[in-house]
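See below for the structure under consideration.
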2 protein chains.
Amino acid sequence: MSIRYALLSLLAREPLSGYDIKQQMNDRFGPFWKVGSNQVYPELAKMEGEGLVKLQGIEQQANRPARKLYEITEAGRDALIQWTLESGELERIRDDFLLKAYNIWLVDPERMIGRLEEIKRQHEERLAAYEKKVAELETMLTTADSRDPIAATISVVEFGIRYERLYMDWCDRLIKKM
Amino acid sequence: MSIRYALLSLLAREPLSGYDIKQQMNDRFGPFWKVGSNQVYPELAKMEGEGLVKLQGIEQQANRPARKLYEITEAGRDALIQWTLESGELERIRDDFLLKAYNIWLVDPERMIGRLEEIKRQHEERLAAYEKKVAELETMLTTADSRDPIAATISVVEFGIRYERLYMDWCDRLIKKM
DNA sequence: GTAGACATGTAACGCGTTACATGATTGT
DNA sequence: ACAATCATGTAACGCGTTACATGTCTAC
């Protein structure tokens, strides 16, 4: 039930094809969300049937496969707004490595330190990607308005930046304790 | 493939019944992991077949249903250690509210502030629960040894504490920006 | 007598992941 | 010739969630 709103969140900003949506999810927001084409295409069709999106037209560029461009409808925007304001239960932090950390007492300290350093490095990479992304987005930001979609994107990526720093810090503390 | 290791992580510390495992997961570690009985019982049976756990015995207390106590085997402990040290891809931060934040530009600021305050309160509750848990665990900690399973549990819960603080802080910043 | 904890399971459903299928064009 | 990108889809599988089924005992 959530992928639906992920698609709507993107379509609320601009008309897109199924392929575009998949790209934006997996390339730009890979570390946050991911979708497979098996989810995108059927879900778009389903939402079209429910009147949440509609086919804006089929773009046919020379020597290129046809692109089916979808746009959000009034009803789709309303559904998205309602979902955004809806309350729900808090999510779990389901990170496998946290479960692995639960077993540090079992394993060889030397090898665990190696793993922790590797994890830290991976989070450092993500951090760098997020920071680059924010810098890029800030140049696009003309108004300091909270109604600007780019400002919303920056806020989300900033969460990511803080999260990665927290993770790296936690790894450091664990390494010291080993 | 991950629930299996969650069960083994608990069984590596003490023999437990399926019911115990479910309770520990959902009560103590609810915000981190959760399992249903449908996953616990069949998985235990499967792991018994594979020799990762074995039935220690059936505890029959007066006027109580029989409890099937499982203990981890040598092979189970080895599998758990191997998994703990294994590399893998980084997890995604799949939190629905982050996706909702992506749509703040669409919604009424007043109502969004209300939602943000609600979310903050929920995370504050979790934070309090984590802090209580750590205080409780620290009294159980006799040795300052990294080989103590309780120290490992504390480290994981401490991640939770830092995460909840980060989330609350992020909510505050969003509220100010609205 | 009715609700809730204890205890073990099964059934049904939906979501997400990986892989497959098709087909054109561009670059090496 | 071969791989990669663009573009739309389908199939198969596994995991996780909710709900159901069964039965005893304790507390109100």
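First the proteins, then the strands, lettered A, B, ... as listed; each starts at 1. Here the structure is a predicted model, which is why all the values come from computation and not from measurement.
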For B:Gly18 and for A:Lys46, locate the closest nucleotide of DNA chain C by heavy-atom distance; then report the residue assigned to the nucleotide nearer the 5' terminus.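 In this pair, the answer is B:Gly18.
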Toward the 5' end of DNA chain C, by each residue's nearest nucleotide, B:Asp20 or B:Gln39: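 The residue closer to the strand's 5' end, by nearest nucleotide, is B:Asp20.
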Which whole-number value in Å describes the distance from [X] [atom1] to [N] [atom2]?
X       : N      : atom1 : atom2 : value
B:Glu48 : C:dG9  : CD    : P     : 10 Å
B:Asn38 : C:dG14 : CG    : C1'   : 14 Å
B:Asp27 : C:dC6  : CG    : P     : 9 Å
B:Lys22 : D:dA19 : NZ    : C1'   : 11 Å
B:Glu43 : D:dG14 : CD    : C1'   : 11 Å
A:Tyr19 : C:dT22 : OH    : C1'   : 14 Å
A:Met25 : C:dT17 : CE    : P     : 12 Å
B:Gln24 : C:dA5  : CD    : C1'   : 17 Å

Selection from [options] that lies nearest to any side-chain heavy atom of [X]:
X       : options                : result
A:Lys34 : D:dT10, C:dT18, C:dT10 : C:dT18
A:Tyr41 : C:dT8, D:dT18, D:dT8   : D:dT8
B:Ser37 : D:dG16, D:dC6, C:dT10  : C:dT10

Quick one: is D:dG9 close enough that its OP1 or OP2 comes under 4.0 Å of any side-chain N or O from A:Lys68?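 Yes, because at least one side-chain N or O of A:Lys68 sits under 4.0 Å from OP1 or OP2 of D:dG9.
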D:dT8, OP1 or OP2 - any side-chain N/O from A:Ser17 closer than 4.0 Å?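 Yes.
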Is the distance from the ring center of [X] to that of [Y] below 6.0 Å?
X        : Y        : value
A:Tyr163 : A:Phe32  : no
A:Tyr167 : B:Phe159 : yes
A:Tyr19  : A:Tyr41  : no

In this structure, are over 12 heavy atoms from other groups packed under 6.0 Å from A:Arg147 atom CZ?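 Counting neighbours around CZ of A:Arg147, more than 12 heavy atoms of other residues, nucleotides or ligands fall under 6.0 Å, so yes.
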How about A:Arg4 and A:Ser9: does a side-chain donor come under 3.5 Å of a side-chain acceptor?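 No pair is found: no donor N or O on one side chain lies under 3.5 Å from an acceptor on the other.
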